[in-house]
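Quick note: numbers below take in every heavy atom, side chains included, and nothing from hydrogens, waters or symmetry partners. Numbering of residues begins at 1 and proceeds along the displayed sequence.
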Amino acid sequence: MTAINAVTDLTTQDGIAVLTVNSPPVNALSAAVRQGVLAGIETAGKDPSVQAIVLTCAGRTFIAGADITEFGKPMVEPSLHAVIKGIEASPKLVVAAIHGTALGGGLETALGCHYRVAVPSAKLGLPEVKLGLLPGAGGTQRLPRVVGAAQALEMVTSGTPVGARQAAERGLVDALAPEDGLLAFAVEYAREAVADGKPLRKIRDMNVQAEPGLFDTFRKANARKFRGYEAPERNIQCIEAAVSQPFDEGEQTERRLFMELMTGTQSAAQRHLFFAEREAQKIPGLPKGTVVRQIRKVGIIGAGTMGGGISMNFLSAGYAVTIVEANEKALERGVGIMRGNYENTAKKGRLTQEQVERNMGLLTASMAFEDLAECDLVIEAVFENMQIKKEIFGRLDQIVRQGAILASNTSYLDIDEIAASTKRPQDVCGMHFFSPANVMRLLEVVKGEHTAPDVLETVMQLSRRIGKVAVVAGVCHGFIGNRMLEPRQREANKLILEGAMPWDVDRVIYDFGFPMGPFQMADLAGLDIGWSAETSKGVTLRDQLCERDRRGQKTRSGFYDYNEKREQTPSPIVEELILRASAERQIKRRRIDDQEILERCIYTMINEGARILEEGKAYRASDIDMVWLTGYGFPAYRGGPMFYADTVGTRHVVERLRAYQASSETDFAPSDYLLKVAEEGRGFSSGK
Ligand code: T1G
């Protein structure tokens with residue numbers, strides 16, 4: 001074996017050279033890997049004893065892409081382009097042997113090879129669009145030449161990988177290897193290819209056509225999904241170039257558009273979120289050697305919307321679940337809703353009927369707390385009443401085995417107070433799911449004063465296994481997400497009394513990139529949550545709307561009027577109520593511009609986020625960004641509230657808050673930590 005460099009080596013098996021990349025954790029195309037692969041290809045190419053070359057990777061995966069940690073730094077030769085051109089121009093036939101995930105630059109490298117073999121479990125994709133980029137090393141030019149323009153469009157704009165079998169059907173993979181025999185199969189494949197006189201097939205020499213109208217039809221069909229994002233459109237333009245331009249010109253178009261994206265703020269934001277999601281999993285100061293607890297059986301208390309949704313997360317991940325509900329009808333209804341949800345998913349082809357039965361077969365429905373005794377984790381999901389929660393935790397303390405984790409799904413109540421109703425506060429934490437709990441990725445894991453480190457780490461690892469993005473929050477009202485939502489709601493409600501209308505605020509927030517604005521969101525959720533005719537005083541706008549049976553989309557009227565297709569239009573009745581409310585409060589209405597609406601809604605959130613960091617209720621600013629991305633639909637291309645603050649400048653945020661401070665000291669006073677960061681001329685993403 002010849003070590004090419006620290007991360008690549010070259011061996012030869014009876015005339016077949018095997019070039020192995022070994023650069024944990026994912027064989028990313030760092031400068032060393034690029035140097036090693038190119039040198040290895042050149043060395044083997046010159047060796048007269050070598051008939052063909054197999055490019056393979058050690059560890060858990062084939063090359064998973066360019067090394068994202070190198071982005072933004074001066075490029076060290078050779079470029080990935082040069083490496084791929086070197087492979088393609090090799091005088092010896094090159095076969096890529098793929099396992100794990102061949103992603104981004106990894107798949108582009110494999111496309112430079114003359115043939116590709118893969119194990120069935122491998123995945124191949126071009127996820128650059130998720131980083132606000134596009135495949136920048138010929139991927140947009142080679143992929144359509146193999147799978148056609150339509151499928152290439154889908155792959156590059158979704159970033160979703162395909163499995164090896166599907167890849168083989170599309171011609172992206174030439175042969176499937178046995179799951180446990182990839183290298184031997186690849187070496188044999190290479191040998192036979194040479195013996196059979198297979199050509200050094202270069203994808204760049206192939207042609208690609210597109211049906212008339214393909215690109216515009218695709219743009220129209222995806223306009224809503226791509227709204228605000230720059231990368232999908234640039235990816236489409238690259239596929240267009242593959243169809244309309246010769247290969248080299250198409251590559252130049254790709255290069256130009258890649259650099260536009262790479263140097264833009266959207267890609268910086270999306271790359272920030274890529275690392276933020278991984279950082280959020282890490283608990284600072286976790287004692288070395290912390291052993292996580294075994295979780296096999298999960299108990300859920302409450303078979304309502306949240307209890308049912310939470311249960312489904314665990315059932316789908318293969319955990320046995322015992323759901324306990326005091327009311328028999330509610331229990332039956334809750335179980336029925338779970339089954340119905342699974343059946344609907346099966347109807348859409350995303351689950352098989354046996355998976356539905358398997359999931360439901362893991363569920364035990366009960367009305368007896370005693371059935372929770374052997375659970376390893378119990379999650380309480382009853383309504384938000386502290387007294388009831390304390391009674392429940394007191395009973396759990398008596399019934400559930402020692403060492404089990406007891407969690408509350410409360411969305412804002414004090415976990416320490418709940419923990420105090422047990423003799424085991426070290427085993428208590430919060431697990432705040434977001435509705436619908438079986439869909440939303442965010443899970444706020446609330447660390448109580450006494451929550452043990454192994455409990456926290458157990459819940460964080462378990463959260464990943466059930467497909468959640470878990471973020472640790474400290475005990476405070478509303479934890480991270482809802483605590484920051486509060487100032488945005490407050491400002492939105494003030495703005496419509498001062499001169500704006502709900503549809504103005506919603507338009508600004510929607511145009512910023514959120515799926516919808518606060519008033520449209522309120523109509524969707526229902527204005528009568530927590531409202532009752534008996535206690536309504538008719539003072540607030542919400543009271544007045546609910547009293548008029550304007551309870552939101554479900555009554556076809558709320559802040560908006562809704563037609564049968566649920567399309568909304570501003571309501572003259574609401575406008576009248578708002579004008580009257582301003583008059584009753586002696587507020588002289590004025591024209592409010594979009595910039596003021598945006599700044600008062602978003603900068604007050606940033607200010608609250610800074611307070612959360614100041615109080616230590618979140619470990620890092622990027623955790624706050626993850627909460628808002630995965631729990632509230634903050635546009636990924638803006639990176640989250642704290643990254644967005646860095647984009648506009650923390651000094652600018654302070655200046656704008658001060659400009660509004662005259663109208664209200666409390667609502668706009670910049671927090672100490674925000675002032676500190678601004679005075680030091682830095683951003684939140686440069687760490688605390
Ligand atoms: N570069 C650098 N580090 C990476 C990396 C990458 N491409 N991918 C993962 N890591 C690190 C990650 O930060 C983590 O580090 C560790 O590896 C394990 O990752 C020119 C420009 C491959 C499916 O977008 O999707 O190619 O936290 O926790 O859940 O056209 O990682 O342990 O210190 O995610 O098993 C395109 C991104 C790049 C793939 C594995 N490629 N990676 O998932 O482990 S742009 C991607 C992933 C590009 C070219 C363009 C996943 C994974 P740490 P992990 P995992």
Side-chain angles (χ1 to χ4, degrees), residues 1-2 4 8-21 37-57 62-63 81-99 102 106-120 122 124 137-139 141-148 151-152 164-179 181-209 242 246-248 251:
M1 179 191 83
T2 316
I4 301 287
T8 45
D9 63 52
L10 192 61
T11 58
T12 303
Q13 298 178 16
D14 303 332
I16 304 299
V18 177
L19 177 55
T20 304
V21 175
V37 169
L38 186 56
I41 290 287
E42 285 168 350
T43 305
K46 291 182 195 127
D47 182 338
S49 71
V50 168
Q51 301 163 41
I53 303 165
V54 170
L55 173 62
T56 186
C57 288
F62 190 76
I63 298 166
H81 271 95
V83 174
I84 293 170
K85 281 189 184 345
I87 294 170
E88 197 168 50
S90 163
K92 306 289 172 65
L93 184 141
V94 183
V95 177
I98 298 170
H99 72 294
L107 178 53
E108 291 176 296
T109 301
L111 289 171
C113 299
H114 305 113
Y115 296 91
R116 285 155 294 283
V117 301
V119 292
L124 300 87
Q141 306 305 302
R142 289 189 174 86
L143 184 68
R145 284 173 165 79
V146 176
V147 304
Q151 288 184 358
R165 291 188 195 288
Q166 196 180 9
E169 286 158 18
R170 296 181 175 185
L172 199 50
V173 160
D174 298 293
L176 289 174
E179 201 59 55
L182 173 61
L183 183 55
F185 181 90
V187 167
E188 219 27 58
Y189 184 92
R191 192 186 314 286
E192 283 170 16
V194 170
D196 297 347
K198 276 183 185 286
L200 301 184
R201 184 184 61 180
K202 297 180 182 178
I203 294 175
R204 57 168 292 131
D205 297 338
M206 297 176 183
N207 288 317
V208 53
Q209 273 80 39
F247 185 86
D248 290 336
E251 265 209 322

| Of the non-hydrogen atoms in V119 and P178, which two are nearest, and what is the gap between them? | CG1-O, 3.5 Å
| Within a strict 4.5 Å, meaning less than it, do heavy atoms of the L172 and Q166 side chains meet? | no
| task | May I ask you to decide if A110's main-chain N or O and R116's side chain share a donor-acceptor pair within less than 3.5 Å? | result | yes
| field | Cationic N near anionic O, under 4.0 Å, D205 to R145 | value | no
| query | So which heavy atom on P144 is nearest to which on A242, and how close? | reply | CG-CB, 3.7 Å
| field | Gap separating the CD atom of E108 from the CD1 atom of I203, nearest 0.5 angstrom | value | 11.0 Å
| said: Under the rule for side-chain contact (heavy atoms from CB on, under 4.5 Å), what residues qualify as partners of L183, not counting sequence neighbours? | reply: Q13, V18, V54, T56, V187
| message | Can a donor-acceptor pair be found, under 3.5 Å and without considering hydrogens, that links the side chain of H114 to the backbone of V94? | response | yes
| Rounded distance (nearest 0.5 Å) linking atom CD1 of I87 with atom CD of E42 | 10.5 Å
| message | So, taking the atom named CG in D47 and the one named CG in L10, what distance separates them when rounded to the nearest 0.5 Å? | response | 8.0 Å
| query | Any side-chain heavy atom of R170 sitting closer than 4.5 Å to one from V146? | reply | no
| remark: In this structure, CG of L176 is separated from CD1 of I98 (nearest 0.5 Å) by 10.5 Å
| message | Which heavy atom of R142 sits nearest to which heavy atom of L111, and what is that distance? | response | CD-O, 3.7 Å
| Any donor-acceptor pair under 3.5 Å from T2 side chain to I4 backbone | no
| said: Please determine whether a side-chain nitrogen of the Lys or Arg among E88 and K85 lies less than 4.0 Å from a carboxylate oxygen of the Asp or Glu. | reply: no
| field | Close side-chain approach of D174 to R201, heavy-atom, < 4.5 Å | value | yes
| request: List the steps and the verdict of side-chain contact (heavy atoms from CB on, under 4.5 Å) for Q151 and L143. | output: CA-CA 9 Å; Q151 288 184 358; L143 184 68; over 6 Å; no
| Least distance between heavy atoms, A17 atom then V50 atom | CB-CG1, 3.8 Å
| K92 side chain to Q51 main-chain N or O, any donor-acceptor pair under 3.5 Å? | no
| said: Show, in sequence, the C-alpha distance, side-chain angles and deciding distance for T20 and M1, and conclude whether the side-chain contact (heavy atoms from CB on, under 4.5 Å) test is met. | reply: CA-CA 10 Å; T20 304; M1 179 191 83; over 6 Å; no
| Over all atoms of both residues, closest heavy-atom pair of I53 and S90 | CD1-OG, 4.0 Å
| query | Do the side chains of L107 and F62 get nearer than 4.5 Å, heavy atoms only? | reply | no
| query | Does the side chain of I41 come within less than 4.5 Å of L19's, by heavy atoms? | reply | yes
| remark: Minimal heavy-atom distance between P199 and L93, with the atoms involved, is O-CD1, 4.1 Å
